[in-house]
Number of protein chains: 2
Amino acid sequence: MKNEVRKFQQFIQKHNLLWSSEREIITEQVFDNHFHFTADDLFIQLSKRDKKISRATVYRTLDLLEKSGLVSKIQLQHGKHIYEHIFGHKHHDHLICQKCGKMIEFHCEDIEEWQKKISSENNFKMTGHSLKIYGICADCMKKKSKNKPK
Amino acid sequence: MKNEVRKFQQFIQKHNLLWSSEREIITEQVFDNHFHFTADDLFIQLSKRDKKISRATVYRTLDLLEKSGLVSKIQLQHGKHIYEHIFGHKHHDHLICQKCGKMIEFHCEDIEEWQKKISSENNFKMTGHSLKIYGICADCMKKKSKNKPK
DNA sequence: ATCCCTGCAAATCGTTTGCAAGAGC
DNA sequence: GCTCTTGCAAACGATTTGCAGGGAT
């Protein structure tokens, strides 16, 4: 069993929940194939396997994975979400291309510091943040509007 | 007619659209009463007036207001949006309280600069950005969890 | 005449939920 | 037995859309 899958199993057990084959398969799939993915991406991937797992279970498991801290949920426009798993690597933010939907990750320690500063100036106990920079990626700039916006 | 309403009227006319009483009333309401508001907030406010305006028209007009640059649309969790109008004051970002939903505005020129730097490092043509810091505001920290999260 | 605008109701779409059946302890 | 988990289908909720009637030019 993959290390990350084991971690999730431990999380499940610590919370007195049950470790099911569905949860194992979903978690495997999350850590096997994807980096950024939607719940539906995942559902489609899973539906190619022999064991059938419902959308509801996919959503419910992603919820747990998020609570466990192994997966983070990023909200996009129009109420859509994408997920990404965490390998213990640093928090990062995203550049999002409005043409092709590509996401580029970055991390900027200075911005993080400024955020902390602003929070404390406002007596605000920061629990998290979301920074998204929208624009057009280098590839799409070259291609000059061949792709439709997502 | 309010200055902002007039600006929107000019925008409408510049685009060969028609200036209707609905558009005037909605725009007035936007600039009269609200700072942060949802489409539904606005609809409810409007429904207290004598002239009845449908939700569809509210949404369609908010769309136009956003395109005109007089109103900006901010996405929250769960596919919800809030709007805020612009008085020509500087772009700002938000601290969002997870207890009471309060939003505190801030502007940090240094963060803006870093964003530009990161974009250009990635050959990314930035068109906009969204920075939200989540946490607990000072009031709610005092009240210690009396309010339910929104 | 030809657009544009509106209201209505239905559709959309990702996500959530109620419920009954099944599985694990 | 009691709880947890699942699949199904229906519900959700903010937003969008198709359509027909009415207005402005």
(message) So if I take every side-chain heavy atom of B:Ala56 and compare against C:dT6, D:dT15, C:dA9, which nucleotide ends up nearest?
(response) C:dA9
(request) Please state how far atom CG in B:Asp63 lies from atom P in C:dC5, giving the value in whole angstrom units. (result) 13 Å
(request) Measure the distance from CG on A:Leu64 to C1' on D:dC4 and round it to the nearest whole Å. (result) 11 Å
(request) With the side chain of B:Arg60 defined as its heavy atoms from C-beta on, choose the nearest nucleotide among D:dT17, C:dG14, C:dT17. (result) D:dT17
(request) Establish, with yes or no, whether the OP1 or OP2 oxygen of D:dC8 is under 4.0 angstrom from a side-chain nitrogen or oxygen of A:Ser54. (result) no
(message) If only side-chain N and O atoms count, and only distance matters, is there a donor-acceptor pair under 3.5 Å linking A:His94 with A:Glu84?
(response) yes
(request) Would you tell me if any nitrogen or oxygen in the side chain of A:Tyr59 comes within less than 4.0 Å of OP1 or OP2 on C:dT16? (result) no
(request) Give a yes/no answer on whether the side chain of B:Lys52 brings an N or O atom under 4.0 Å of OP1 or OP2 in C:dC8. (result) yes
(request) Considering only NZ, NE, NH1 and NH2 on the basic side and carboxylate oxygens on the acidic side, decide whether B:Asp139 and B:Lys102 come within less than 4.0 Å. (result) yes
(request) On the 0 to 90° scale, with breaks at 30° and 60°, tag the B:Phe11-B:His15 ring pair as parallel, tilted or perpendicular. (result) tilted
(message) Could you tell me how far apart A:Phe8 (CZ) and D:dT5 (C1') are, to the nearest whole angstrom?
(response) 13 Å
(message) For A:Tyr83 and A:Phe37, take the angle between the two ring planes, folded into 0 to 90°, and tell me which bin it lands in: parallel under 30, tilted 30 to 60, perpendicular over 60.
(response) parallel
(request) Ignoring backbone atoms, establish whether A:His81 has a side-chain N or O less than 4.0 Å from OP1 or OP2 of C:dG14. (result) no
(request) Compare side-chain N and O positions of A:Ser20 against OP1 and OP2 of D:dT6 and report whether any pair is under 4.0 Å apart. (result) yes
(request) For A:Lys80 and C:dT15, give me the distance from atom NZ to atom P, rounded to whole Å. (result) 8 Å
(message) Whole angstroms only, please: what is the CD1-C1' distance between A:Ile74 and C:dG14?
(response) 17 Å
(request) Among the candidates C:dT15, D:dT6, C:dT6, find the nucleotide nearest to the side-chain atoms of A:Glu22. (result) D:dT6
Collect all protein-nucleotide pairs involving nucleotides 2-4 of chain C in which both atoms are nitrogen or oxygen and the distance is under 3.5 Å.
none

(message) Within the 3.5 Å criterion, strictly below it, is a donor on A:Glu24 or A:Trp19 matched to an acceptor on the partner's side chain?
(response) yes
(message) For a quick check under 3.5 Å, do A:Glu105 and A:His107 share a side-chain donor-acceptor pair by atom type?
(response) no
(request) Provide, to the nearest angstrom, the distance between the CD atom belonging to A:Gln13 and the P atom belonging to D:dC4. (result) 15 Å
(message) Taking A:Glu113 first and then A:Lys116, would you say they form a salt bridge - that is, a charged N and a carboxylate O separated by under 4.0 Å?
(response) yes
(request) Between A:Arg55 and B:Trp19, name the one whose nearest nucleotide on DNA chain C is closer to the 5' end. (result) B:Trp19
(request) Nearest whole angstrom, please: distance from the C1' of C:dT6 to the CD of B:Glu24. (result) 16 Å
(request) May I have the distance from A:Asp40 (atom CG) to C:dT12 (atom C1'), rounded to whole angstrom? (result) 14 Å
